[in-house]
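Worksheet: one structure, shown below.
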Amino acid sequence: MEYIAREELEKLQFLRLKETLRRVYKSSPFYKRLFKENGLKPLNFKSLKDLPQIPFTTREDLRKNFPYGFLTLPLNRIVRLHTSTGTTGKPKAIFFSKKDIENSAGLIARSMKMTGAKDKDVFQNMMSYGLFTGGLIFHYGAEKLGLLVIPAGAGNTERQIELMMDFKTTIIHITPSYALYLADILEEKGINPRKNLNLRMAYLGAEPYSESTRQKIEQIFNIKAFNSYGLSEMNGPGVAFECQFKEGMHLWEDNFILEIIEPSTGKVLPDGEEGEIVLTSINREAMPILRYRTGDIAFVYPDKCQCGRTHRRISRIKGRVDDMFIIRGVNVFPSEVERILMSLSEVGRNYQIILEREKSLDVMRVKVEIKKELFDGSLEHLRGLEEKIKAKLKSELMLTPKVELVEPATLPRTTGKAKRVIDKREI
Ligand code: ADP
Ligand code: ZN
């Protein structure tokens, strides 16, 4: 399936789309209404090109029809509930049938296998178990592939380290911010992650991060780190994943139809152009969602991957449409600030962006942890670095920030998704 010819893949997509349209038209209260209101009938869809006739589905739609308004199966066929983490408001409820669970495990198993995971690997899942999909969905996939799975969950870092050492963990699944936090704690305990651990790979996902952060994590742990993308509404993790070439994430197009749109107009954009990811699930029973606006900004690589897989690749996620903040008329994604900061070798592992109002002017203040080796008990000798960071941010963002250097490992750390921006302007 990973190497299927494009033509065959598109045929399969269309078959599955038709089946999905029939299903939602017959049984999903939300889509029944939507199709009626727009005069749409599954029979009238003749090719994939007809997909844009269907209006987008938004988070708001999911919320308004909470909890059961999207279901296409009766409750006796539903076996699992997950919710989104609620980064952007009230969580959304997502349901799985037995077949959906089986299928989502298949997507994870496929993704892990692609990176070279083997059944003899010891896999420690450091994502939160429970309602969040990063725990259980990944867990089932890793088991399906036959790895030894340690369901460690997020947090309790001391215990994580003990588990890693006792069972010689070789692969971890973790948020990039928690990976850096873990590195701090290892350092505090005098454990050398390159020497005293057996790690060889990490799957990093659930939040935006930069290429430099990936490299930092690879270097600290002496591992290969792969980017993993997903969202509860579509599957949880296992929607798109990097192969060994680590240049974009193959989006599993036998399960999802991928579109990139211009967020303001909804216009579908060609490969190579940056916009919002829109996904249609075409292989789900309980709760298929059509043309879902993910809010995530990326582009599709227009060329073929060296690995030969035919599923198109999406770029690293720049952020969410609603992560972007506007300061003095300049649009800024937190991930751009991260990219610039982490490209400087003097910068440590954590940062925070504070937006505030001074008199009537908006100001962006960036708190930056410095590298441990530079800290000698005071920050006085680092004025020059402060200026350097300021100048770099200014030249790349076209905006003059305030920069405040702080001691290593002093900014708030998280074991889940990081909150990078504190907006005090409304207070
Ligand atoms: P919530 O929307 O409440 O955060 P989810 O737990 O479903 O709920 O999170 C999915 C979101 O997490 C995605 O829409 C995306 O914004 C973010 N995300 C997931 N994986 C990645 C990744 N590899 N890079 C950047 N962002 C990611
Ligand atoms: Zn590839």
Side-chain angles (χ1 to χ4, degrees), residues 2-3 58-60 62-63 81-94 104 108 110-111 113-116 127-138 154 173-177 179 202-211 213-214 217 225-253 256 276-279 281 289 292-298 300-301 303-324 333-336 338-339 414 416-420:
E2 291 161 62
Y3 299 89
T58 62
R59 277 180 226 158
E60 214 30 53
L62 290 180
R63 287 201 182 106
L81 161 72
H82 277 291
T83 67
S84 70
T85 42
T87 318
T88 51
K90 187 176 159 59
K92 295 142 266 178
I94 310 296
S104 66
I108 297 291
R110 181 198 282 180
S111 306
K113 185 145 197 272
M114 171 167 73
T115 64
M127 291 279 187
S128 161
Y129 275 64
L131 290 168
F132 177 50
T133 50
L136 283 171
I137 299 286
F138 225 95
H173 178 214
I174 190 167
T175 59
S177 44
Y203 302 134
L204 303 179
E207 62 184 11
Y209 61 109
S210 62
E211 183 57 40
T213 295
R214 182 231 297 270
I217 293 170
F226 296 89
N227 197 1
S228 153
Y229 170 77
L231 60 162
S232 324
E233 295 88 320
M234 287 293 124
N235 189 65
V239 173
F241 222 92
E242 277 178 340
C243 66
Q244 71 269 35
F245 292 101
K246 296 195 284 192
E247 210 197 345
M249 299 176 275
H250 288 286
L251 189 131
W252 298 127
E253 294 185 87
F256 309 97
E276 179 177 350
I277 301 175
V278 169
L279 296 172
S281 37
I289 308 178
Y292 185 63
R293 289 190 66 154
T294 63
D296 295 325
I297 303 292
V300 172
Y301 283 85
D303 52 339
K304 281 207 188 99
C305 185
Q306 298 176 63
C307 74
R309 288 182 181 81
T310 47
H311 300 242
R312 283 179 301 164
R313 290 163 299 152
I314 54 169
S315 67
R316 187 172 282 287
I317 310 290
K318 188 166 172 188
R320 296 195 192 210
V321 180
D322 34 34
D323 280 346
M324 192 189 78
F333 278 97
S335 64
E336 288 175 278
E338 169 171 330
R339 179 181 57 75
T414 166
K417 295 190 191 223
K419 185 167 166 42
R420 296 297 189 189

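Both counts, for ligands and for their atoms, begin at 1 and track the order of listing. What you are looking at is a predicted structure, and each value in this text was computed from that prediction instead of being measured.
Interface of Ser232 with ligand 1, defined as ligand atoms under 4.0 Å from a residue heavy atom, comprises 5 (P), 6 (O), 7 (O).
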Enumerate, atom names and distances included, each donor-acceptor pair closer than 3.5 Å involving a side-chain atom of residues 203-210, sequence neighbours excluded.
| unit_1 | atom_1 | unit_2 | atom_2 | d |
| --- | --- | --- | --- | --- |
| Tyr203 | OH | Thr115 | OG1 | 2.7 |
| Glu207 | OE1 | Ser177 | OG | 3.3 |
| Glu207 | OE1 | Ala418 | N | 2.6 |
| Glu207 | OE2 | Ser177 | N | 2.9 |
| Glu207 | OE2 | Ser177 | OG | 2.6 |
| Tyr209 | OH | Leu204 | O | 3.4 |
| Tyr209 | OH | Asn227 | OD1 | 3.0 |
| Ser210 | OG | Thr213 | N | 3.3 |
| Ser210 | OG | Thr213 | OG1 | 3.2 |
| Ser210 | OG | Glu338 | OE2 | 3.1 |

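Considering Asp296, Ile277, Thr83 only, the shortest heavy-atom separation from atom 13 (C) of ligand 1 involves Asp296.
Salt bridge status for Arg214 with Glu242: present, with a side-chain N to carboxylate O gap under 4.0 Å.
Of the heavy atoms in Lys92, only side-chain atoms (C-beta onward) come closer than 4.0 Å to ligand 1. When heavy-atom distances to ligand 1 are checked against a 4.0 Å cut-off, Lys417 comes that close only through its side chain, counted from C-beta outward. Contacts with ligand 1 closer than 4.0 Å are made by heavy atoms of both the backbone and the side chain of Leu231. With a heavy-atom cut-off of 4.0 Å, Thr133 does not touch ligand 1 at all.
In terms of polar-atom proximity, defined here as any N/O pair under 3.5 Å, Thr294 makes no such contact with ligand 1. Residue-to-ligand polar distances keep Tyr209 apart from ligand 1: every N/O pair is separated by 3.5 Å or more. Annotation: Ile317 places no N or O atom under 3.5 Å from an N or O atom of ligand 1; distance criterion only.
Partners of Glu233 under the salt bridge (charged side-chain N to carboxylate O under 4.0 Å, His left out) rule, at least two apart in sequence or in another chain, are Lys92. Taking the salt bridge (charged side-chain N to carboxylate O under 4.0 Å, His left out) definition, one finds that Lys246 meets it with Glu218, sequence neighbours left out.
With hydrogens and angles disregarded, a donor-acceptor distance shorter than 3.5 Å links the side chain of Arg59 to the backbone of Thr294.
Counting only distances under 2.8 Å, and ignoring water, the protein N, O or S atoms around the Zn ion (ligand 2) are Cys243 SG, His250 NE2, Cys305 SG, Cys307 SG.
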